[in-house]
Amino acid sequence: MKKIIVTGGAGFIGSNFVHYVVNNHPEVQITVLDKLTYAGNKENIAGLPEDRVKLVVGDITDAPLVENLVKEADAVVHYAAESHNDNSLKDPFPFVQTNLIGTYTLIEACRKYGVRYHHVSTDEVYGDLPLREDLPGHGEGKGEKFTAETPYNPSSPYSSTKAGSDLLVRAWVRSFGLKATISNCSNNYGPYQHIEKFIPRQITNILSGARPKLYGNGKNVRDWIHTNDHSSAVWLILTKGTIGETYLIGADGEEDNKTVLELILELMGQPKEAYDQVKDRAGHDLRYAIDSSKLREELGWQPKFTNFREGLADTIQWYTEHQEWWQAEKQAVEANYAKNGQ
Ligand code: NAD
Ligand code: DAU
């Protein structure tokens with residue numbers, strides 16, 4: 001695999017994957033196809049060797065552009081998406097366009113030219129799980145984490161378009177022999193995440209002298225994984241995964257939002273209660289939890305960044321030292337949330 005296209009390679013997770021491949025696989029050349037929406041930033045892949053990484057600014061729904069790139073490539077790794085649940089509740093249209101039509105455009109091109117395709121998806125396609133406190137045995141029993149066999153049951157416009165895109169890929173594998181794999185990962189954290197998302201929003205609020213905002217009672221649980229671990233898993237699936245298979249990626253990082261927020265406050269030297277409880281998200285998923293045993297047992301993957309406290313401290317340090325990366329957008333992001341009482 002010498003030439004790969006990484007869609008969304010200027011976003012949070014896609015750019016991490018580009019760095020991962022550049023640092024670990026010197027034989028691979030990367031074309032990043034990215035529209036540079038509000039969530040994409042050239043700076044995320046700045047300074048990488050020009051003979052290894054080329055940025056094409058364009059839309060994944062642009063079929064002639066996509067075909068021209070795909071016919072020269074050995075593989076496509078598809079990260080590009082509209083990725084934020086709150087935005088999808090305000091205006092679902094870009095989610096339908098990018099996540100569904102964009103995926104369709106890419107898999108049609110890969111089918112035509114026989115190109116290997118990896119589809120990056122989310123655990124949110126499975127809907128949510130009850131809180132552990134509401135389960136007999138506190139959630140340690142079978143069927144209490146997501147597996148590749150869990151039925152799809154998405155809650156939001158974002159997650160339903162991601163679910164639809166996964167189903168397109170599955171159908172293209174079965175009906176047209178598309179050489180595809182799918183991965184469904186849990187919540188990522190780390191440097192370069194857009195400040196609309198939970199962890200960077202709270203860190204940058206504190207750095208800006210504003211109070212963090214917790215939706216509802218803060219009991220909702222997310223299964224946190226460091227982006228670097230997501231990237232190593234995707235590379236392994238791309239190169240060693242079985243065609244047609246779905247792999248769940250997670251690092252056993254379940255934490256409720258209130259606990260995460262209190263940890264951020266503590267690490268940033270703030271009182272534990274120095275935050276506002278704001279309006280809850282409509283349709284807010286309660287708990288996500290990933291069973292990643294298939295990925296670990298079949299492909300030998302292991303997460304390396306398993307100390308959440310340390311990972312969070314490093315992330316706080318990164319946002320503290322890179323204020324020029326986020327400051328210009330902060331006011332507009334918060335004004336947008338404020339309109340919604342959040
Ligand atoms: P992000 O919003 O930070 O980045 C998305 C990137 O896609 C941006 O660079 C943007 O410019 C680009 N993009 C958007 N629409 C495009 C279009 N039409 N054409 C070309 N480029 C376009 O998102 P992220 O958090 O890095 O997520 C990346 C992928 O990983 C998504 O598919 C998401 O569903 C999936 N995922 C995210 C998480 C998470 O915790 N953030 C977890 C599991 C899976
Ligand atoms: O599970 C994977 C998904 O994780 C990805 O598919 C999505 O692309 C990614 O955005 C993320 O979705 P979430 O909705 O879980 O992430 P978000 O950062 O928006 O919110 C995390 C939790 O924090 C969620 O329970 C809502 C809550 N929250 C969020 C914000 C922005 C708050 O309490 N306050 C906030 O200000």
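Nothing fancy with the numbering, it's 1 onward along the sequence.
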Distance-only donor-acceptor check, side chains [X] and [Y], under 3.5 Å:
X    : Y    : value
K197 : N188 : no
Y79  : N16  : no
E67  : Y113 : yes
N184 : D166 : yes
D223 : N187 : no
E124 : N85  : yes
R116 : T181 : yes
W325 : N44  : yes
Y158 : E82  : no
N87  : Y38  : yes
T31  : K54  : no
W224 : S186 : no

*S121 and K162: side-chain hydrogen bond (donor to acceptor under 3.5 Å, both in side chains), yes or no, with the steps?*
CA-CA 7 Å; S121 193; K162 290 297 290 187; 4.7 Å; no
Answer yes or no: is there an ion pair linking [X] with [Y], defined by an N-O contact shorter than 4.0 Å?
X    : Y    : answer
D59  : K35  : yes
E334 : R201 : yes
E108 : K112 : no
R287 : E254 : yes
K145 : D252 : yes

Backbone N/O of [Y] and side chain of [X]: donor-acceptor pair under 3.5 Å:
X    : Y    : answer
E245 : G241 : no
R296 : Q302 : no
Q29  : K3   : no

Would you compute the distance between atom [atom1] of [X] and atom [atom2] of [Y] and round it to the nearest 0.5 angstrom?
X    : Y    : atom1 : atom2 : value
R174 : F176 : CZ    : CZ    : 12.5 Å
Y275 : I264 : OH    : CD1   : 12.0 Å
H118 : T239 : NE2   : OG1   : 10.5 Å
Y126 : S159 : OH    : OG    : 12.5 Å

Are [X] and [Y] close enough that some pair of their side-chain heavy atoms sits under 4.5 Å apart?
X    : Y    : value
I60  : T105 : no
H230 : V234 : yes
Y319 : L207 : yes
C185 : I225 : yes
S208 : W326 : yes
V76  : V70  : yes
R309 : E266 : yes
L214 : V278 : no

Check this for me: [X], atom [atom1], are more than 12 non-hydrogen atoms of other residues, nucleotides or ligands nearer than 6.0 Å?
X    : atom1 : answer
E27  : CD    : yes
K90  : NZ    : yes
E321 : CD    : yes
K258 : NZ    : no

Look at the side-chain heavy atoms of Ile, Leu, Val, Met, Phe, Trp and Tyr, link any pair under 4.5 Å apart, and say whether [X] and [Y] land in one connected group.
X    : Y    : result
V77  : I182 : no
L89  : V125 : no
V120 : L248 : no
L286 : F146 : no
Y288 : L131 : no

*asked:* Over 60° means perpendicular and under 30° means parallel, so tell me whether H119 and H78 are parallel, tilted or perpendicular.
replied: tilted
_Whether W235 and F17 hold their rings parallel, tilted or perpendicular, with breakpoints at 30° and 60°_ = tilted
*Would you confirm whether the ring centroid of Y192 sits within less than 6.0 angstrom of the ring centroid of H322?*
no
*Taking the six-membered ring for Trp, are the ring centroids of F308 and Y189 within less than 6.0 Å of each other?*
yes
*Please lay out, stage by stage, how K240 and E298 fare under the test salt bridge (Lys or Arg N to Asp or Glu O under 4.0 Å).*
CA-CA 9 Å; K240 306 252 163 54; E298 285 182 19; over 6 Å; no
*Could you go through the salt bridge (Lys or Arg N to Asp or Glu O under 4.0 Å) check for R211 and D276 one step at a time?*
CA-CA 6 Å; R211 283 164 72 89; D276 296 330; 2.7 Å; yes
Only pairs under 3.5 Å count here: list side-chain donor-acceptor contacts from residues 335-342, not counting sequence neighbours, and write none if there are none.
from : atom 1 : to   : atom 2 : distance (Å)
Y337 : OH     : H84  : NE2    : 2.9
Y337 : OH     : E196 : O      : 2.5
N340 : OD1    : K279 : NZ     : 3.4
N340 : ND2    : Q342 : OE1    : 3.1
Q342 : NE2    : K279 : O      : 3.1

